[in-house]
Number of protein chains: 2
Amino acid sequence: MLSKKTKYGLKALTFIARRTDNKPVQIATIAKSENISQKFLESILLTLRKSGFLGSKKGKGGGYYLLKDPKEIKMSSVMRVLEGPIAMIPCVSLNFYEKCDDCPDENTCAVHNLMIEVRDCTLNIFNNKSLSDLI
Amino acid sequence: MLSKKTKYGLKALTFIARRTDNKPVQIATIAKSENISQKFLESILLTLRKSGFLGSKKGKGGGYYLLKDPKEIKMSSVMRVLEGPIAMIPCVSLNFYEKCDDCPDENTCAVHNLMIEVRDCTLNIFNNKSLSDLI
DNA sequence: TATTTATCCTATAGATTTAATAGATTAATG
DNA sequence: CATTAATCTATTAAATCTATAGGATAAATA
């Protein structure tokens, strides 16, 4: 399941990306327009800023703005920051690999091999989609 | 993330499917071989029985067995029973559809359209894989 | 029919994650 | 220096997941 954090984060990024002038957008504006709890959105935007997707400006006329061209913002990187691993199970994750406690041999594990296929097709979509494709 | 319930369930089904004679397999046997908590596995197998994948036999020599040919057991149906919706968000789910509270129009929702693509590719895999492919 | 074996059922506890809230702080601008 | 708005920390509330406990029920065997 996609977390609300990710859902809201994607909506907010899309909202900001639609501003062609790239002037700072205030949290409250996004929250109202997209029906998101403002405080919750606050923490999400903070995450996106810390991850290098957004810049922020304090004070009057402040807000959040994109640091890169929407074409350069790949869905796979956004998803990893907001949602975490793209793989459904850590033992097939490229960026967040972890061995399963219970599994003696990954190569013969039915679940492992199935989940590799799922990861590949999902990753293929997220790698070939950018923020500009969402607008 | 794939829940342990699903992971264990898939492993158990695979274990049972490998028995060519289709004689009942005891919970304890599977639990030991696959390193799964026996009580937890018990409830998972119960779910699979109630969903029509497995049959069971009580008493001595009892256990669980497949009700259908592994070729006839599609991954999509197993996943739906164990993990729930295949879609990452209810508004794109075919079998568990739900409207988003915050979203006024699905057709113009960036998240919605992205998640449709992900659902389609995942579903394509699960629909074309059967239990026999996992063995 | 007594004994053994194994599934079936209900309840619940602990851990983790998710979502949201509250309040104080810091910084920029006019 | 007052106003505006972002930032940070801490905490709560709710939901879900994982696992365990204990007994009830049913079937096979001797």
Side-chain angles (χ1 to χ4, degrees), chain A residues 1-12 16 23-32 34-51 53-67 81-85 88-90 96 98 100-102, chain B residues 1-12 16 23-32 34-67 79 81-85 88-90 96 98 100-102:
Chain A
M1 268 285 291
L2 199 74
S3 67
K4 299 220 166 164
K5 183 181 168 187
T6 304
K7 181 179 157 193
Y8 294 161
L10 286 174
K11 285 193 166 194
I16 298 173
K23 273 186 190 160
V25 186
Q26 291 157 28
I27 297 180
T29 309
I30 306 171
K32 268 187 205 166
E34 302 291 328
N35 300 305
I36 304 169
S37 142
Q38 176 161 344
K39 278 287 181 182
F40 191 26
L41 181 59
E42 209 176 298
S43 70
I44 297 167
L45 293 180
L46 202 59
T47 304
L48 289 170
R49 186 185 64 81
K50 284 182 181 165
S51 314
F53 295 106
L54 295 175
S56 69
K57 214 182 147 189
K58 290 187 183 179
K60 200 175 182 179
Y64 285 95
Y65 53 90
L66 284 180
L67 286 177
V81 163
L82 291 173
E83 187 75 6
M88 290 188 80
I89 193 166
F96 302 83
E98 257 178 76
C100 293
D101 290 334
D102 56 299
Chain B
M1 268 284 292
L2 199 74
S3 67
K4 298 219 167 163
K5 183 181 167 187
T6 305
K7 181 178 156 192
Y8 293 161
L10 287 174
K11 284 193 167 194
I16 297 172
K23 272 187 192 159
V25 187
Q26 292 157 28
I27 297 178
T29 308
I30 306 172
K32 267 187 205 167
E34 302 292 327
N35 299 305
I36 305 169
S37 142
Q38 177 162 342
K39 276 288 181 182
F40 191 26
L41 181 59
E42 209 177 296
S43 69
I44 297 168
L45 294 180
L46 203 57
T47 303
L48 289 170
R49 185 184 62 81
K50 284 180 179 165
S51 313
F53 295 106
L54 295 175
S56 67
K57 215 182 145 189
K58 290 187 181 179
K60 199 172 184 180
Y64 285 95
Y65 53 90
L66 285 180
L67 286 178
M79 287 297 292
V81 163
L82 292 173
E83 188 75 6
M88 288 188 83
I89 192 166
F96 301 84
E98 259 178 73
C100 293
D101 290 333
D102 55 299

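It should be emphasised that the depicted structure is a prediction, and the values quoted were computed from it without experimental measurement. By convention in this document, chain letters (A, B, ...) are assigned in the order of the sequence lines, proteins followed by strands, and residues within each chain are numbered from 1.
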Under the side chain to side chain donor-acceptor pair (under 3.5 Å) rule, collect the residues that match up with B:S56, sequence neighbours excluded.
-> none
Between D:dC17 atom P and A:I89 atom CD1, what is the distance in whole Å?
-> 15 Å
Tell me what B:K50 touches on the nucleic acid: a base, only sugar-phosphate, or nothing, going by heavy atoms under 4.0 Å.
-> sugar-phosphate
From B:Y8 atom OH to A:D102 atom CG, the distance as rounded to the nearest 0.5 Å | 5.0 Å
Keeping to residues at least two apart or across chains, list the salt bridge (charged side-chain N to carboxylate O under 4.0 Å, His left out) pairs with something in residues 52-64 of chain B.
-> none
I'd like a table of atom pairs between the protein and nucleotides 25-29 of chain D - only N or O on both sides, under 3.5 Å - with the distance next to each one.
from	atom 1	to	atom 2	distance (Å)
D:dA26	O4'	B:K58	NZ	3.0

Under 4.0 angstrom, heavy atoms only, what part of the nucleic acid is A:L45 near: base, sugar-phosphate, or nothing?
-> nothing
Considering only side-chain heavy atoms of A:I27, which listed nucleotide, D:dA6, C:dC8, C:dA19, is closest?
-> D:dA6
For residues 36-49 of chain A, please give each side-chain donor-acceptor pair under 3.5 Å, one per line with the distance, not counting sequence neighbours.
from	atom 1	to	atom 2	distance (Å)
A:S37	OG	A:F40	N	3.2
A:S43	OG	A:F40	O	2.8
A:T47	OG1	A:S43	O	3.0

Quick one: side chain to side chain donor-acceptor pair (under 3.5 Å) partners of A:N35, sequence neighbours excluded?
-> none
Taking side chain to side chain donor-acceptor pair (under 3.5 Å) as the test, write out the residues that go with B:E83, two or more places apart.
-> B:S3, B:T6
Mind checking what makes side-chain contact (heavy atoms from CB on, under 4.5 Å) contact with B:K32, not counting sequence neighbours?
-> none
Between protein and nucleotides 22-24 of chain C, what N or O pairs are separated by less than 3.5 Å?
from	atom 1	to	atom 2	distance (Å)
C:dG23	O6	A:K39	NZ	2.5

Judged by nearest nucleotide, the residue sitting upstream toward the 5' end of DNA chain C, B:G62 or A:Y8, is B:G62
